[in-house]
There are 2 protein chains.
Amino acid sequence: MKNSTVTIRDVALKAGVSVGTVSHVLNGSPRHVGASTRERVLSAAQTLQYRPNAIARSMVKRATATIGLVINELSNPLFMPVTEGVEAVLRKEGYGIVLASSNDMPSEIQAVETLRGRQVDGFIFMSLSTIYSVDHLLKLKEQGVPFVVINRSIDHPGINRILMDDYGAACRLTGHLLDQGHSNVATITGPRQLRRSAVNRYGGWLAGLRERHIEPCPDWIIGGDYTFEGGYQAVKRLLQLSHRPTALFVANESMAVGALKSLADAGVKVPHDIAVVTIGDPPFAAYTSPSLTTMALPVEEAGRVSARLLVDWLKDGPPEPAKDILLACTLKVRESCGAYLKNQT
Amino acid sequence: MKNSTVTIRDVALKAGVSVGTVSHVLNGSPRHVGASTRERVLSAAQTLQYRPNAIARSMVKRATATIGLVINELSNPLFMPVTEGVEAVLRKEGYGIVLASSNDMPSEIQAVETLRGRQVDGFIFMSLSTIYSVDHLLKLKEQGVPFVVINRSIDHPGINRILMDDYGAACRLTGHLLDQGHSNVATITGPRQLRRSAVNRYGGWLAGLRERHIEPCPDWIIGGDYTFEGGYQAVKRLLQLSHRPTALFVANESMAVGALKSLADAGVKVPHDIAVVTIGDPPFAAYTSPSLTTMALPVEEAGRVSARLLVDWLKDGPPEPAKDILLACTLKVRESCGAYLKNQT
DNA sequence: GTGAAAGCGCTAACAC
DNA sequence: GTGTTAGCGCTTTCAC
């Protein structure tokens, strides 16, 4: 970066004071400086267009006021709002974000190394997968590096984590279906080998049913993979069943969209012939045909909460005991569950 | 960050050499060092778990190997893939990303200042709006700060910019509609006062029509705002017209989804009663009912190209003359334009 | 082939 | 109230 060559020395020279003084007035340190001196320093800095070098500052303060945000699957639409939440509080607190994406374990480890080399003050890990080993995170913890994980299944005491209540959301959503008078509720699950959320959403569905003393029909558990096509194909399989359900809990939004299309292609009317609900509330959920009844995930909130937690840690020391925060989802009733239909008739 | 207190000195001490030597072997500098010395240094670094302090390094090299990515509207789904492209090439080249989001001019200016304070080596500006003044960018240019803009209407010589060919995309897409035998093509425009892309897409639609000597019907130019609801309402207005078009060019994907729903709600069959096409190809475009024929924007490519441009600049000096790159869109033919329908009959 | 030392721009003791 | 100075951890001349 060119031209950035105006240093604190230049300001000191121009103001006719020492660099120490300049540093003090510019940082509003407790030390008392004369009004006229302060004035001269300020105006010198102004006219020289002085811009403090944060790198040099970090050097001596041994802190960079930046945090590392490591994301896997940058392309996942869920991450934008999380990042937004993170960014909002971090910016307000004067912290910067250095971004790293990782597609697998090795690259995540690599990213952490790189970011530590860049001296980030802490980390936020934002991920979806549950298959990752967490050894490198435990190592971080052991070394006292501040970090918080979002949506990461890491069952180890003392890890600060933010989770979204997939289980509760699925349970309530299923309950909502039952409230509409359904009792034949099928599910399209996520990849339960890979994602903790898929396990929890399945578990929530089951619990929602059993809460009302309904035993799920094994045929009505269709395996999916969280993709559009997965949802499409799952419904195709479902429709081949002789005994069809009257309601369908789809484990995520992408599959729900695929399911809707599959249903439409097969001439099955939603919600008339079958009700559909899902977890995750993308902007377009209100504009599918029919619009989707969903449980909105607290994505932006997760971002804000994690950032807040980390910043507090950085300022006041680690939370004791470690936080384990479960964020609730919000029911968005639209057309696909048939609630409106029912109320009309 | 704790524990990070193993410095180059420690390595030097342990290896029984000078810090200069350590630096040389660790950076693979041209200087010759004895094989045994090198060996000792390497193993010392290894056993001490030495991690070079990038901040200190930046201090003396006067370069941080980071670039500032400034985005407005973090929530815009278009930006994820762009960021992905940027990240991919930057990581490969050893550069880091520091992220800044800005919602308006003042916050963008603020972000630039902050990032310059953090000594980023260059900038990528990713934005949508055309209403911003560009004075601060011109100032950057004047000061020799490397930067490239994506999708930003800044008509000033010497600015390196990446644009997506909205005009060409709209023109070709309209042509595609005409190829299907339509001649009554309406459009729902974007906010032409705010977005350059809206102007260009409108212009492309017009040009596509005139290329075939068709004069557009003024009634068939419906003003929209790039939102789902905007698309929904626009179609409502369109349907009140006595003389309806047989095809509809919607300026962006969100409005197209809104339009589809509006049409469905009104019982108008797509593509049978009216064909629909749009610009922008979100993942769900293939799973709407009917699936959307679109022009896919080269978003990830824009990210990659901009990053490559910037990195080359950082390494070899500014491109002469400045690059002005126009990226083409890709036609994705699906159901909503009626092409398949036509071929079947 | 290797070591010593001068900074990079800044903050924070410590003097006065 | 203000100035001086010793580093923060590293790279890179310049000696040897």
Participant: Side-chain donor-acceptor pair under 3.5 Å between A:Ser101 and B:Glu87, yes or no?
Facilitator: yes
Participant: As a quick check of understanding, evaluate side-chain contact (heavy atoms from CB on, under 4.5 Å) for B:Phe125 and B:Leu140, giving each step before the final call.
Facilitator: CA-CA 12 Å; B:Phe125 291 94; B:Leu140 280 189; 3.8 Å; yes
Participant: Using heavy atoms and a sub-4.0 Å distance, could you list which residues of residues 10-28 of chain A are near DNA chain C? By number, please.
Facilitator: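 Going residue by residue through residues 10-28 of chain A, the ones with a heavy atom under 4.0 Å of DNA chain C turn out to be A:Gly20, A:Ser23, A:Asn27.
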Participant: Do you see a donor-acceptor pair shorter than 3.5 Å between the side chains of B:Arg57 and B:Asn27?
Facilitator: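 Yes.
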Participant: In this structure, how many angstroms lie between the P atom of C:dA4 and the CZ atom of B:Arg9, rounded?
Facilitator: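 Atom CZ in B:Arg9 sits about 10 Å away from atom P in C:dA4.
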Participant: Go through C:dC10, D:dG9, D:dG3 for me and flag the one nearest to the A:Arg31 side chain.
Facilitator: D:dG3
Participant: I'd like to know if the side chain of B:Arg161 and the backbone of B:Val149 have a donor-acceptor N/O pair within less than 3.5 Å.
Facilitator: no
Participant: Counting only side-chain heavy atoms from C-beta out, which of D:dC10, C:dC8, C:dA12 sits nearest to B:Tyr50?
Facilitator: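 Output: D:dC10.
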Participant: Is any NZ, NE, NH1 or NH2 atom of the basic residue among B:Arg195 and B:Glu73 found under 4.0 Å from an Asp or Glu carboxylate oxygen of the other?
Facilitator: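 A salt bridge links B:Arg195 with B:Glu73.
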Participant: State whether A:Glu108 and A:Arg152 are salt-bridged, where the test is any N-O pair (Lys NZ or Arg NE/NH1/NH2 against Asp/Glu carboxylate O) under 4.0 Å.
Facilitator: yes
Participant: Separation of A:Ile55 atom CD1 from C:dC8 atom P, in whole Å?
Facilitator: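 From A:Ile55 CD1 to C:dC8 P: 16 Å.
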Participant: May I have the distance from B:Met59 (atom CE) to D:dC10 (atom C1'), rounded to whole angstrom?
Facilitator: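 Going from CE in B:Met59 over to C1' in D:dC10 covers 10 Å.
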Participant: A:Arg57 side chain N/O closer than 4.0 Å to the phosphate oxygens (OP1, OP2) of C:dT11?
Facilitator: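 Yes, such a contact exists.
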Participant: How close or far is atom P of C:dG3 from atom CZ of B:Arg38, stated in whole angstroms?
Facilitator: 14 Å
Participant: C:dT2, OP1 or OP2 - any side-chain N/O from B:Thr37 closer than 4.0 Å?
Facilitator: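 It does, given that an N or O in the side chain of B:Thr37 lies less than 4.0 Å from OP1 or OP2 of C:dT2.
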Participant: For A:Pro52 and B:Gly34, take the nucleotide of DNA chain C holding the closest heavy atom to each; which residue's nucleotide lies nearer the 5' end?
Facilitator: B:Gly34
Participant: Take the protein atom CD of B:Gln119 and the nucleotide atom C1' of C:dC10, then report the distance between them rounded to whole Å.
Facilitator: 11 Å
Participant: Report the distance from atom CZ of B:Arg62 to atom C1' of D:dC10, rounded to the nearest whole Å.
Facilitator: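 About 14 Å, once rounded to whole Å.
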Participant: In sequence, state the C-alpha distance, the side-chain angles, and the governing distance for A:Ser43 and A:Glu39, and then conclude on side chain to side chain donor-acceptor pair (under 3.5 Å).
Facilitator: CA-CA 6 Å; A:Ser43 92; A:Glu39 195 50 50; 5.8 Å; no
Participant: For the backbone of A:Lys323 and the side chain of A:Asn160, can you confirm whether one donor and one acceptor N or O come within less than 3.5 Å of each other?
Facilitator: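 Side chain of A:Asn160 to backbone of A:Lys323: a pair is present.
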Participant: Which nucleotide in the list C:dG9, C:dT2, D:dC10 gets nearest to the side chain of B:Val33?
Facilitator: C:dT2
Participant: Under 3.5 Å, is there a donor-acceptor pair between the side chain of A:Asp121 and the main chain of A:Ala65?
Facilitator: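 Yes: the side chain of A:Asp121 pairs with the backbone of A:Ala65.
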Participant: If you assign each of B:His32 and B:Lys61 to its closest nucleotide in DNA chain C, which residue comes earlier from the 5' end?
Facilitator: B:His32
Participant: Could you work out how much the helix from C:dG1-D:dC16 to C:dC16-D:dG1 bends, comparing the axis of its first five pairs with that of its last five, to 10°?
Facilitator: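 Between the first-five-pair axis and the last-five-pair axis there is 50°.
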Participant: In whole angstrom, give the distance that lies between atom CD1 of B:Ile8 and atom P of D:dT12.
Facilitator: 11 Å
